[in-house]
There are 4 protein chains.
Amino acid sequence: MPKDTFFNLPDEKRQRVIEAAIEEFAKGSFREARVTAIAEKAGIPVGSFYQYFEDKKDLYKYIIQLIAEEKIAQINQDMIANMQRYGFFQLLREVYASAFRFAKEHPRLVAIGLSLWNDKALYHEVYGDYVETSADFFQKIIAKGVADGDLDPDIDPAFVARLLTALNYALAEIVYGDGKLDLDDLEVVDKMLKLIENGIKNRAAARGGC
Amino acid sequence: MPKDTFFNLPDEKRQRVIEAAIEEFAKGSFREARVTAIAEKAGIPVGSFYQYFEDKKDLYKYIIQLIAEEKIAQINQDMIANMQRYGFFQLLREVYASAFRFAKEHPRLVAIGLSLWNDKALYHEVYGDYVETSADFFQKIIAKGVADGDLDPDIDPAFVARLLTALNYALAEIVYGDGKLDLDDLEVVDKMLKLIENGIKNRAAARGGC
Amino acid sequence: MPKDTFFNLPDEKRQRVIEAAIEEFAKGSFREARVTAIAEKAGIPVGSFYQYFEDKKDLYKYIIQLIAEEKIAQINQDMIANMQRYGFFQLLREVYASAFRFAKEHPRLVAIGLSLWNDKALYHEVYGDYVETSADFFQKIIAKGVADGDLDPDIDPAFVARLLTALNYALAEIVYGDGKLDLDDLEVVDKMLKLIENGIKNRAAARGGC
Amino acid sequence: MPKDTFFNLPDEKRQRVIEAAIEEFAKGSFREARVTAIAEKAGIPVGSFYQYFEDKKDLYKYIIQLIAEEKIAQINQDMIANMQRYGFFQLLREVYASAFRFAKEHPRLVAIGLSLWNDKALYHEVYGDYVETSADFFQKIIAKGVADGDLDPDIDPAFVARLLTALNYALAEIVYGDGKLDLDDLEVVDKMLKLIENGIKNRAAARGGC
DNA sequence: GATGAATGAGGTTTCATTCAT
DNA sequence: AATGAATGAAACCTCATTCAT
């Protein structure tokens, strides 16, 4: 956790430091990020950096925490709180939509998140073992979806949860990537949902007689 | 590209170097990998390293190339060559199965690949802009799938291609990750295909009136 | 010398600073002591530190002076003042006893003293060249001891003075050290005096023929 | 322990490094010694320093070991080996004489030793807990001295051992100090022995009737 | 070609002291 | 006078790459 000195900083300066840190951390791995570069970009002396933070990791953990808070803020809290009132696909849509919005608005935060995700050792140091992962969340709503009759009862919930998580990441990546796709609106989320609902098989032919 | 001296090395020694490089590169990012560590693990003097390679990146590019070759080798070449003879889902199954086999057998290569994937700058330097990406390949077979009537004609081919790519990565990640899922056989591939085909919606209810 | 601001401080606060300084200086060399640590321990802001003292050395010199004063306070002043009334061994006993008491009661001050003693450059800067050293004092009472017939006239006064000084330090060290010896009372001083008086040779045998 | 690279160095260069290290370590505490200064004095780049040594402490421990070896080399080995053939005061004389010679020839090594002695934490890290201390050695020969009838049977062996150790240090210090005493030969050792044997009391008077 | 030492730029962190309020 | 943030000069150590044999 940053020291008090950091939180006592004028907003503008504090933001500059955060901004500089995001910029630097988004560029590569934690280890590759240079304190010097952050200080320089933020326009503060290196010495000051260590007045504000215990060390590089201290700042990093703080940024990760900011990211998590920002992510949560993007989700429609009402929906999460009153989960039981909504259908499975409604919930899924909200989750994906928020991931989409987040990635769209904060591509660099996505980059940082992906980078941390790739460094398992650091990941555990930052999050501990206990975090409720996205997969856990998906598994919960899948169970509900099956119980409500929204979902095919033959699916393997654990596996589908993993897959939905992967697609969640994929969404972020698609948006974050150089984006040859045109993704100006949330249409992409609906496309994805449709696929998840119905798959991609041509059913017209099969349904023939119907 | 490694120098001739490298290729003139006795096989056993060359393999030791490759093995050491894979080990080191799999541990972290490109920048974090240490030439010294590679030389040490391979049991060669650092000096020799620079007799064999221009620099660290030279070796890295070579390893990436080996990985690509290994990936391709995992695919049923006959199927790719005679693509037009097979149905979409047959092709997709083979692609995913090979990705699965690859991740299962070469987790470290997957780690290296993911790490490179995360470093866009390096990625472009290594692959250039021109590479036929997985997305391109998927788009090709999707087009064929639609033409053949295997796929729902309403889908957005570019988008689905991206998604299938993402799922391909996801598969690797699932296998590579700490694997709380039980993935001893290819069942996982079939599960995934089924989802891609049909989605996860409970159709039983809807079919009712039919 | 500390600034007036320091001496105008409320007693309690001034004592806290002194206490903190002693604690920190006792832990290592002068250079190793950290102003920040002292300020923190004393519960004052670093800024205030520099309101009270010119710099770190200023405080250090002051502490050294306090130590000297404390040392002197331990000695029976009457004895020193009326030196000529006492025998050599009486005086010596008092000097050693006071050193013993001092070390026993102020182990940290001893540590600081030893540390300074080890840094000749600093020592001279702090004490200058002129200080009346312990050796000088011993030399004075030795001269008197010889004159009075208390001491063997064959001894080399300068050398013995040095030795007695060394033993004085040794006493401090013995007490200050982890103390595997049992030193609950002043018995140790008497033991030392006895040795200084008579040496350790077995005289019984030799005296035989006498 | 230094790396092989250090021991493979040409003698002249290795000596330069050792010399530089001694110079720097003699100047202050371990922590105060600067790697940069050592490298500079030795005329090697800092990088090379770390080719030779693990870190600063590695070099330090090595120097301490050299000092120990040098100290031992100064002692008449035959005497130590055949301890039982010699009388107590003969042995003591040899020990002190060797300490004297050592201090005379290697004042800086003495300084380093004293400095280490003052940093208990470092001392234990360097020597471990097991070292046979000088005090142990003294205690051994004292026991023998008492058994042989050389020493006054009333003395407290542990305490005298401590004292003789202190005097041993004192000798080093006297020589090492700015040396206002004239100590060109070993006379000083004999003076000290005489004191230890007989003390400083004027026995002539007391012996009166004899 | 093989070897392994030499090099020095660059990274993180510490801390005495000054400055601004 | 009190405060506590600002500053920047070191310090230690790492490592890709070059050099000399």
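Letters A, B, ... mirror the listed sequences (proteins, then strands); counts begin at 1. Quick caveat: nothing in here was measured; it's all calculated off a predicted structure.
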Where the side chain of Y52(B) is concerned, which of dA11(F), dA2(E), dT17(F) is the nearest nucleotide?
dA2(E)
Between dA5(F), dT17(F), dA6(E), which one does the side chain of N8(A) approach most closely?
dA5(F)
For E70(B), is the CD atom crowded, meaning more than 12 foreign heavy atoms sit under 6.0 Å from it?
yes
Defining pairs by Watson-Crick or G-U wobble geometry with both distances under 3.5 Å, how would you list the stems of DNA chain E with at least three pairs each?
E:2-21 with F:2-21
Return the CG to CZ distance between D58(A) and F6(A), rounded to the nearest 0.5 Å.
9.5 Å
Do Y52(D) and F7(D) have ring centres separated by under 6.0 Å?
no
Please determine if K3(C) forms a cation-pi arrangement with F53(C), meaning its NZ or CZ atom is less than 6.0 Å from the six-membered ring centre and no more than 45° off the ring axis.
no
Please report the distance, rounded to the nearest Å, between [atom1] in [X] and [atom2] in [N].
X	N	atom1	atom2	answer
F6(C)	dA1(F)	CZ	P	14 Å
K13(A)	dA6(F)	NZ	C1'	7 Å
E54(D)	dC12(F)	CD	P	16 Å
F53(A)	dA6(F)	CZ	P	11 Å
L9(D)	dA5(E)	CG	C1'	9 Å
E24(C)	dA16(E)	CD	C1'	13 Å
F25(C)	dA16(E)	CZ	C1'	12 Å
K56(C)	dT18(E)	NZ	P	14 Å

Charged N to carboxylate O under 4.0 angstrom, [X] versus [Y]?
X	Y	answer
R16(C)	E12(C)	yes
R108(A)	E19(A)	yes
K120(C)	E125(C)	no

Would you say dG4(E) has OP1 or OP2 under 4.0 Å from some side-chain N or O of K3(D)?
no
Identify the heavy atoms of E32(C) and E24(C) that sit nearest to each other, and give their distance.
O-OE2, 4.1 Å
Sole residue of L109(B), L66(B), I38(B) in side chain to side chain contact (heavy atoms under 4.5 Å, CB included) with I22(B)
L109(B)
Of all of residues 35-51 of chain D, which get a heavy atom below 4.0 angstrom from DNA chain E, listed by number?
P45(D), G47(D), S48(D), Q51(D)
Reading DNA chain E from 5' onward, which residue's closest nucleotide shows up sooner: R31(C) or P10(D)?
P10(D)
